[in-house]
*Asks:* 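First the structure, then my questions, so here it is.
Proteins get letters first, then strands, A, B, ... in listed order; numbering begins at 1 in each.
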2 protein chains.
Amino acid sequence: MPDAHTLGSMMDRIRALLTVIEEGSVNRAAVRLRITQPALSRQMQALENELGGKLLERETSGVKPTGLGHALVKAMRPLVGSYDTALAELRRQARGERSELRVGYLLSAAQSMLTPALAKLRKSQPEVKLKLHDMSPREQIDGLRAGELDLALIGQEGVMAAREFHSAKLCSLRVCVAVADSDLIAAQKSIALKELKGRDFIGVDEAQVPGRNRWMTALCKPAGFKPRFAVVVDGITNVLSQVVSESGVTLLPGYFEKLQHPGVTFVPVSDEKARWDFIVLWQKGRASAATRALVDALKQVAAALR
Amino acid sequence: MPDAHTLGSMMDRIRALLTVIEEGSVNRAAVRLRITQPALSRQMQALENELGGKLLERETSGVKPTGLGHALVKAMRPLVGSYDTALAELRRQARGERSELRVGYLLSAAQSMLTPALAKLRKSQPEVKLKLHDMSPREQIDGLRAGELDLALIGQEGVMAAREFHSAKLCSLRVCVAVADSDLIAAQKSIALKELKGRDFIGVDEAQVPGRNRWMTALCKPAGFKPRFAVVVDGITNVLSQVVSESGVTLLPGYFEKLQHPGVTFVPVSDEKARWDFIVLWQKGRASAATRALVDALKQVAAALR
DNA sequence: CGAGGGTATGCGCATCCGGCATAACGGCAA
DNA sequence: TTGCCGTTATGCCGGATGCGCATACCCTCG
């Protein structure tokens with residue numbers, strides 16, 4: 001094996017070589033590098049062995065790079081530079097000094113809390129660069145897992161993944177039922193879950209809104225029945241269309257009551273236990289100052305809304 | 001001091017971390033890296049200390065990257081990749097397997113030898129990528145010194161620098177004198193140097209054609225006089241203009257005889273010792289196969305021309 | 001509450017790498 | 001030529017680094 005050493009320690013020798021070539025002298029470079037000349041001289045020999053060619057022309061007045069030496073400088077100096085700056089950036093990030101904050105949220109669900117919280121954040125930490133990503137709950141969880149998000153505002157869907165990240169419950173909303181305008185239920189001011197027994201439920205694709213169907217099932221259990229999902233469609237808007245065309249019902253978080261959808265009426269559920277938790281998830285490990293600030297702001301907003 | 005280790009050995013730990021994250025397990029990564037699990041586990045701790053933040057979430061089923069871990073992967077994986085490929089390229093180059101050949105030459109001087117030599121090279125090593133740079137002798141030497149050229153075809157000017165590089169004499173041309181058409185000398189078939197004693201010489205700027213004036217002086221010494229440079233101009237074409245306008249003379253390599261310049265006549269010098277050497281210079285250190293091939297081709301062409 | 005997967009820790013030893021002293025080498029001046 | 005002064009290279013030793021081995025710890029599942 002020609003190179004007995006590791007690739008990493010080789011980088012140290014390459015750094016040393018860059019200094020030697022800059023100084024044009026092993027002696028002067030050794031001074032700059034705070035080591036002795038023999039040590040540096042041996043490093044250069046080792047590097048030449050590892051690469052398999054001479055890097056320096058030794059002359060009585062100092063050293064000069066060979067063609068290979070020049071090529072090494074040209075290839076390695078920028079790489080070493082990027083490596084160092086990347087390292088510095090990671091160190092800053094480790095100290096929680098990252099100024100970028102990538103937030104995932106579902107606009108319709110999070111708007112009422114996120115907007116005021118962001119206003120607070122801007123006041124306390126105006127230099128933070130925000131990257132807002134309007135995305136589905138599934139995409140939020142995937143984004144967190146892939147390290148592409150620092151923080152996600154997510155509903156009941158995120159409870160499943162709460163173990164993987166730090167989490168805090170922001171508030172719990174009441175639940176409502178979506179029915180067609182023509183449905184008898186539509187006229188009621190509120191409804192008990194058990195009244196839905198036997199109705200056709202409209203489910204939603206697990207891939208897009210993970211756990212939503214299981215949540216509905218869990219909600220109905222205390223009411224004494226298991227919902228039958230007549231159709232499972234992809235996407236919330238399609239669910240509402242199906243509610244109309246199939247005369248089905250579906251359970252939704254309370255913020256849908258503010259929504260307008262042609263032909264659909266939202267009726268609040270009266271059961272005490274039927275709640276929709278809204279939580280914030282953020283990466284484990286030391287959170288950046290910006291992350292902590294936004295989480296705090298969200299908690300305050302949630303407390304005020306309650 | 002937070003990081004007691006070197007930046008280079010840190011790269012080894014970063015490499016290890018990349019493997020750990022890919023495998024999702026310190027155990028499996030240790031197998032891949034051919035070290036034991038405790039060793040790798042300690043490397044990860046060391047890296048976390050050096051960066052000042054947690055990189056991995058330890059779970060009973062293995063490990064997962066934290067936000068910082070993800071950021072490190074994103075920043076470092078491409079860098080480590082470039083570093084390795086750059087290293088591989090340098091190793092290839094050290095073994096003389098580089099396929100690019102950067103040649104510096106002065107078209108008017110080198111054309112007669114370079115063209116056939118390149119034809120030979122193309123035959124013996126057709127995969128070699130040539131970069132031809134038509135440049136002044138000074139630029140050629142600077143290019144060699146800066147490692148931007150592999151090989152230079154240069155005249156007498158290069159002899160000064162021959163110690164710094166490998167060199168081979170290709171041929172020696174006779175010398176000619178440039179005089180105005182109206183000059184008495186212009187009618188002669190040839191001329192002895194001593195006949196130029198007392199004439200005004202036209203010199204050329206040292207920065208562009210280094211050593212040319214010194215060469216003329218050295219040439220005249222055996223003839224028993226020291227040329228007086230009435231004017232020193234920059235650039236060969238300006239020299240010829242001055243020859244006409246100032247009725248000066250200048251010494252030039254023989255290949256100028258083939259040139260046409262209005263108002264200037266070139267008269268061969270008869271002195272045996274007055275020769276113009278044409279040499280090839282190439283980088284010290286192990287020369288690439290392509291370099292050696294071109295040098296050989298040039299030598300053959302030179303021998304054939306003689 | 002043991003078994004079995006994972007990660008962390010204590011300890012001893014080889015290896016590496018730097019410092020010190022000194023050799024070897026080349027140019028320059030007397 | 002010889003001696004001097006600059007350079008780089010080499011011999012040797014000691015300290016720190018980092019590995020392997022054995023084992024401790026921790027969590028989950030049956």
*Asks:* Quick one: ring pair (Phe, Tyr, Trp, His ring centres under 6.0 Å) pairs with a partner in residues 11-57 of chain B, sequence neighbours left out?
*Replies:*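 Ring pair (Phe, Tyr, Trp, His ring centres under 6.0 Å) check on residues 11-57 of chain B returns no pairs.
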*Asks:* Sequence neighbours excluded and cut-off under 3.5 Å, please list the side-chain donor-acceptor pairs for residues 62-75 of chain A, or say none.
*Replies:*
from	atom 1	to	atom 2	distance (Å)
A:Lys64	NZ	B:Glu164	OE1	3.2
A:Thr66	OG1	A:Lys54	O	3.0
A:Thr66	OG1	A:Leu55	O	3.3
A:Thr66	OG1	A:Leu68	N	3.3
A:Thr66	OG1	A:Gly69	N	3.1
A:His70	ND1	A:Thr66	O	3.3
A:His70	NE2	B:Arg145	O	3.0

*Asks:* When the distance from CZ of A:Arg13 to P of C:dC16 is rounded to whole Å, what number comes out?
*Replies:*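 It is 11 Å, rounded to the nearest whole Å.
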*Asks:* Mind checking side-chain hydrogen bond (donor to acceptor under 3.5 Å, both in side chains) for A:Ser167 and listing every partner two or more places apart, or none if nothing turns up?
*Replies:*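 Not a single residue meets the side-chain hydrogen bond (donor to acceptor under 3.5 Å, both in side chains) criterion with A:Ser167.
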*Asks:* Can you measure B:Glu23 atom CD to C:dG6 atom P for me and round it to whole angstrom units?
*Replies:*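 From B:Glu23 CD to C:dG6 P: 12 Å.
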*Asks:* May I ask you to test the A:Leu251-A:Trp215 pair for a side-chain heavy-atom distance under 4.5 Å?
*Replies:* yes
*Asks:* Calculate the interatomic distance between B:Gln43 atom CD and D:dG20 atom C1'; express it in whole Å.
*Replies:* 13 Å
*Asks:* Can you check the A:Met10 CE to C:dC17 P distance for me, whole Å?
*Replies:*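 Rounding to the nearest Å, CE of A:Met10 and P of C:dC17 are 13 Å apart.
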*Asks:* May I have all residue pairs that pass side-chain hydrogen bond (donor to acceptor under 3.5 Å, both in side chains) and include part of residues 287-296 of chain A, sequence neighbours excluded?
*Replies:*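 Sorted pair list: A:Ser288-A:Thr291.
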*Asks:* Could you tell me which residues satisfy side-chain hydrogen bond (donor to acceptor under 3.5 Å, both in side chains) with B:Glu148, sequence neighbours excluded, listed by chain and number?
*Replies:* none
*Asks:* Would you mind building the protein contact string for nucleotides 6-12 of chain D? One character per nucleotide, 5' to 3', B for base within reach (heavy atoms under 4.0 Å), S for sugar-phosphate only, - for untouched.
*Replies:* -SBBBBB
*Asks:* Using whole Å, report how far CD of A:Glu57 lies from P of C:dC25.
*Replies:*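 About 17 Å, once rounded to whole Å.
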*Asks:* I need the CD1-P distance between B:Ile35 and D:dC21, as an integer number of Å.
*Replies:*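 Atom-to-atom, B:Ile35 to D:dC21, this comes out as 12 Å.
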*Asks:* Write down the distance between CG (B:Leu40) and P (D:dG18), rounded to a whole number of angstrom.
*Replies:*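 Taking atom P of D:dG18 as the reference, CG of B:Leu40 is at 14 Å.
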